[in-house]
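Heads up: the structure comes next, in structure tokens.
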Amino acid sequence: MSDLIRPKDESELAAVVAEANAAKTPLEVCGAGSKRNVGRPLQIASSVTTERLRGVTLYEPNELVLSARAGTPLKDIEAALAKNNQQLAFEPVDLGPMLGEEENQATIGAVFAANLSGARRIQVGSARDHLLGIRAVTGRGEIIKSGGRVMKNVTGYDLCRGIAGSWGTLSVMSEVTMKVLPKPEAERTLLFIGLTDEVAIDALCRALGTPFEVSGTAHLHAEYARRLLDTEILRRPAAVTALRLENFEESLNYRADRLAESLTAFGKVVELDDQQSGDFWNGMRTLSFLTDSDDPVWRISTAPTDGSKVVSALSKRLDCRAAYDWSGGLIWLQTGPTADAGATEVRRVLSETGGHATLIRADASLRSSLDVFHPMSSGVAALTRKLKQSFDPAGVLNPGRMYAGI
Amino acid sequence: MTSLAILEPNAEVLNHRDRLIRGLRDLLSTDRVVADEDGRRAFETDALTAYKQMPLAAVLPTTTEEVSRVLRYCKANDIKVIARGAGTSLCGGALPSEDSIVLGVSKMNRVLDIDYMNRTATVQTGITNIGISNIVSPNGFFYAPDPSSQLACTLAGNLGMNSGGAHCLKYGVTTNNVLGLKIVLMDGEIVEIGGKELDAAGYDLLGLIIGSEGQFGIVTEATVRILRAAEGARPMLMGFNSSEAAGACVAAIIGSGIIPVAIEFMDKPAIHVCEEFAKAGYPLDVEALLIVEVEGSEEEIESLLGRISDIAKPFKPKGIRVSQSEAESKAIWLGRKSAFGAIGRISDYYCMDGTIPLGKLPEVLVEIGEICARYKLNVANIFHAGDGNLHPLILYNANDPAEVERAEKCGAEVLELCVKVGGCLTGEHGVGVEKRELMLTQFSKTDLEQQMRIKTVFDPDWLLNREKVFPLELHAP
């Protein structure tokens with residue numbers, strides 16, 4: 001276990017990073033630490049955590065805005081929002097359980113640092129789209145801010161998005177301000193059972209071409225489907241294709257009927273009520289179908305209609321099973337044990353279709369010998385390296401976590 | 001608008017103008033290089049017409065490769081480059097300097113791919129904003145960001161400024177609707193980022209490039225999200241006796257869990273001018289007016305507007321009117337969307353673009369009134385109430401230099417007020433030259449230094465749109 005530094009506020013955090021910068025001694029950056037095992041393993045003596053930077057600092061439900069210190073547990077924020085029937089609409093996916101950690105450990109800073117978005121991304125955007133403002137400490141130990149607390153803001157460069165998804169390699173966020181949205185009054189899910197991947201993704205993409213504001217579009221192989229649905233709903237092992245509608249109660253009946261009508265070609269619909277639907281999508285949010293094994297897991301992002309092509313091409317060479325979200329555009333792919341977790345094949349297939357893959361779960365030796373994040377084109381790599389340098393010239397923040405030497 | 005400081009032009013470049021233009025003509029066909037005085041005149045300003053400066057030349061490439069050749073040439077010869085879409089910037093984003101060339105993308109306006117299953121459109125960025133929606137609307141789709149200038153403005157400009165519009169409360173602004181792009185850097189390198197996938201790999205370079213005001217590179221192609229339109233949409237009008245009541249009503253609607261697709265606010269002067277122009281049937285005996293639009297099926301629209309009317313009751317709305325027809329809806333929106341034009345008929349105006357927290361609206365309106373009174377200027381306020389974006393239109397006489405100067409100072413005070421109450425200098429127009437000297441009211445020097453380092457990452461010699469966004473004193477030699 002490395003030495004853990006726990007600054008109590010932003011200025012202490014800045015002092016810690018400034019000292020590391022001056023001494024050129026690297027720091028592992030974390031919140032609660034539930035995603036420490038994502039990325040290339042770090043060989044670092046000291047860790048700094050934001051876990052003492054806690055608390056909601058602003059919440060205006062009528063303005064749809066909330067600010068919190070970066071170490072505030074996500075669950076505390078969700079609880080505060082729930083009191084006003086509001087939520088983080090991007091539905092942050094919880095990577096903890098599939099990495100062998102407890103559920104619900106993540107801090108809000110880490111949600112944005114990893115740009116974690118769930119099923120509703122297809123309708124409302126991802127975590128980075130909901131980030132309105134940040135305060136952060138750069139690798140230079142300087143406190144900077146960007147954005148603010150208002151919905152529309154084009155004053156200066158958009159560092160909120162620049163820093164979101166950078167896994168603590170550019171700066172340590174100290175406070176984040178986000179857009180929040182009302183919780184829909186009710187939800188309903190339509191299921192199709194037993195579709196092939198290709199047909200299922202066709203159905204999901206067609207559903208998103210209707211005006212009924214479908215907010216969840218998933219397709220699960222049979223082994224995964226049975227983890228999310230009990231035998232009363234899923235009587236025999238089969239793949240499941242799920243479409244979620246959320247709205248005011250009076251709209252849901254109408255929309256569910258119209259949506260089912262438009263998709264009759266795909267077979268009979270099984271409908272999940274509010275409660276069942278909530279449970280199903282909570283399983284998608286916590287990736288509970290991935291928790292019963294240590295097999296490597298890839299997170300693949302591609303054009304939705306290429307999703308089934310990618311999996312079909314990989315299935316020819318690898319022992320794998322898949323869950324699709326984002327109408328086919330996001331694939332959680334579990335591979336059987338191989339020397340390289342299937343990396344060669346995964347990257348070869350994606351070089352033909354486009355898209356990218358991240359090895360989210362694998363043991364440390366694999367993660368240190370493989371490219372965990374997708375290899376970059378030379379142009380993007382050059383910008384990435386220079387961007388890292390501009391924020392963190394001494395390379396003290398999570399060096400090498402995303403890419404070797406960055 | 002009289003006081004713009006500029007950098008000393010590069011004498012080396014000015015002295016060799018003829019040779020440099022010949023060099024550009026060797027790269028592009030002759031008609032793509034505009035060097036004569038009349039031709040260049042079209043590029044000397046944008047929609048912030050108070051500032052004008054003739055560039056060395058304008059070039060109008062037709063392919064990404066031509067853009068690459070031009071930029072490489074400019075870098076080698078130390079020529080500054082000003083990116084230009086349709087020139088509709090309200091903040092001087094496309095204002096040239098004497099030693100610069102304007103690189104216009106308007107000839108690059110082809111649609112490359114429409115993909116309804118993946119809900120994307122890949123286009124060259126010289127296409128107009130409305131041009132994308134026009135292509136996909138026969139299939140019931142649209143491109144969501146809808147700046148008021150959407151008939152003219154290009155996607156390239158929207159990417160540069162991260163443009164918004166009236167409907168972004170529900171659908172987001174430009175950055176939320178772009179999946180991929182092709183950018184040419186100053187050294188001529190062509191970099192592709194993202195694609196049709198819903199998140200790009202690695203650092204969010206897309207997010208950094210969008211809103212970088214043409215200072216990072218020239219974006220020649222982009223893949224944008226297209227969305228299926230709702231079954232229908234309908235606006236309603238509600239008048240109020242005070243802006244406090246109107247603001248409180250907006251808060252109550254949002255607090256109730258309804259997110260209308262648009263909520264627009266107009267104060268009394270704005271209502272009168274727009275009604276005079278559009279004959280939309282706006283009530284004239286009120287202090288503030290809200291246009292609230294909802295979407296869905298006929299029944300859903302009825303139900304939502306019913307809920308909104310109930311929520312509004314405690315705020316004593318006057319003359320609630322729900323549009324009864326397509327024609328009536330069009331007229332209601334025409335009034336709002338032509339507000340700038342309507343006000344332009346009666347006076348010159350200076351359009352501000354601050355954003356404020358909704359809860360501060362009443363006090364901000366009172367204070368704006370006081371500031372303008374102090375400068376002896378009239379003001380009309382238009383407000384995207386759902387997202388806090390406030391457009392005070394300060395009326396002045398452009399032919400009176402003293403009044404021009406007062407309007408400029410008055411505008412700066414209004415923006416400082418927006419920052420003071422927790423908002424920002426610009427919600428959707430951008431900083432450009434107009435607001436660059438105000439940046440230190442919102443940001444610290446440290447904040448801006450980090451932003452400038454990112455500029456250097458993309459454009460080490462600072463040749464792209466150099467005199468914009470940052471106070472000159474921070475980066476001038």
Side-chain angles (χ1 to χ4, degrees), chain A residues 60-64 85 115 121-122 125-126 128-129 138 142-146 148-159 161-162 164-166 181-182 205 208-211 250-251 254 301-305 326 329-330 354-356 373-374 376-377 379-380 383-384 386-387 390-391 402, chain B residues 116-119 161-162 164 172-173 175-176 189 191 193 195-199 201-205 207-208 210-212 228-231 251 254-255 257 259 296-297 299-300 303 355-359 387-389 422-428 430-431 439 442-443 446-447 450-451 453-454 457:
Chain A
E60 292 287 349
N62 294 342
E63 295 173 14
L64 304 175
N85 272 320
N115 189 24
R121 189 270 171 262
I122 42 146
S126 56
R128 56 86 99 172
D129 293 305
T138 67
E142 293 175 345
I143 297 168
I144 57 164
K145 64 179 177 301
S146 180
R149 56 159 292 193
V150 288
M151 294 293 150
K152 257 160 124 181
N153 188 343
V154 296
T155 322
Y157 297 155
D158 191 353
L159 298 201
R161 264 137 292 283
S166 64
L181 281 168
C205 290
L208 288 173
T210 69
E250 67 251 28
S251 282
Y254 166 78
S301 183
T302 183
T305 54
W326 302 356
L330 176 67
H356 56 92
F373 287 83
H374 203 76
M376 298 177 279
S377 69
V380 170
L383 290 172
T384 299
K386 286 189 257 178
L387 200 58
S390 79
F391 277 91
M402 292 180 78
Chain B
Y116 291 107
M117 288 297 275
N118 286 312
R119 300 171 304 285
M161 296 305 185
N162 190 14
V173 297
T175 195
N176 312 116
E189 171 144 22
V191 180
I193 297 160
K196 289 184 182 179
E197 62 269 26
L198 286 144
D199 57 3
Y203 289 161
D204 195 342
L205 299 177
L208 281 173
I210 297 167
S212 61
R228 175 65 202 240
E231 286 182 272
I254 290 173
I259 303 292
S297 69
E299 294 74 22
E300 288 172 324
S303 149
T355 304
I356 57 167
L358 174 63
D387 53 39
N389 195 189
C424 65
L425 294 173
T426 173
E428 57 186 5
V431 178
M439 286 291 271
Q442 186 173 332
F443 292 108
T446 309
D447 296 335
Q450 182 56 43
Q451 295 189 27
R453 282 185 204 113
I454 299 174
V457 164

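Keep in mind the model is a prediction, meaning the values are calculated, not measured. Chain letters run A, B, ... following the sequence lines, proteins first and then strands; every chain starts at 1.
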Structural part of [X] lying under 4.5 Å from a heavy atom of chain A:
{"X": "B/Ala229", "answer": "backbone"}
{"X": "B/Asp199", "answer": "both"}
{"X": "B/Gln450", "answer": "side chain"}

Between B/Asp387 and A/Lys152, does any NZ, NE, NH1 or NH2 come within less than 4.0 Å of an OD or OE carboxylate oxygen?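 Result for this pair is yes, salt bridge flagged.
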Any idea which of [options] has the most non-hydrogen atom pairs under 4.5 angstrom with chain A?
{"options": "B/Arg228, B/Met161, B/Lys196, B/Glu189", "value": "B/Arg228"}
{"options": "B/Gly255, B/Gly202, B/Ser212, B/Cys424", "value": "B/Cys424"}
{"options": "B/Val191, B/Thr175, B/Val431", "value": "B/Thr175"}
{"options": "B/Thr446, B/Thr355, B/Leu198, B/Ile210", "value": "B/Leu198"}
{"options": "B/Gly172, B/Gly257, B/Pro357", "value": "B/Pro357"}

Chain B heavy atoms under 4.5 Å from A/Met376: which part of the residue, side chain, backbone, both or neither? neither
For A/Leu181, which atoms come within 4.5 Å of any heavy atom of chain B: side chain, backbone, both, or neither? side chain
Specify the closest pair of heavy atoms between B/Ala230 and B/Gly296, including all atoms of both residues, with the distance to one decimal. CB-N, 4.1 Å
Here the pair of heavy atoms bringing A/Lys145 nearest to B/Gln442 is CE-O, 3.2 Å
With rounding to the nearest 0.5 angstrom, report the CG to CG distance, B/Asp204 to A/Leu159.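 Here the interatomic distance stands at 11.0 Å.
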Are any non-hydrogen side-chain atoms of [X] and [Y] less than 4.5 angstrom apart?
{"X": "B/Leu425", "Y": "B/Met439", "value": "yes"}
{"X": "A/Val150", "Y": "B/Ile356", "value": "no"}
{"X": "A/Glu250", "Y": "B/Glu299", "value": "no"}
{"X": "A/Val380", "Y": "B/Tyr203", "value": "no"}
{"X": "B/Ile259", "Y": "A/Leu64", "value": "yes"}

For chain B, which of [options] has the most heavy-atom pairs under 4.5 Å?
{"options": "A/Ser146, A/Gly125, A/Ser126, A/Gly209", "result": "A/Gly209"}
{"options": "A/Ala164, A/Gly355, A/Ser166, A/Pro304", "result": "A/Pro304"}
{"options": "A/Asn62, A/Thr302, A/Val154", "result": "A/Val154"}
{"options": "A/Tyr254, A/Phe373, A/Trp326", "result": "A/Tyr254"}
{"options": "A/Asn153, A/Thr210, A/Leu330", "result": "A/Asn153"}
{"options": "A/Ile122, A/Thr138, A/Asn85, A/Asn115", "result": "A/Ile122"}

Checking A/Arg161 side chain against A/Arg128 main chain: does a donor-acceptor pair fall under 3.5 Å? yes
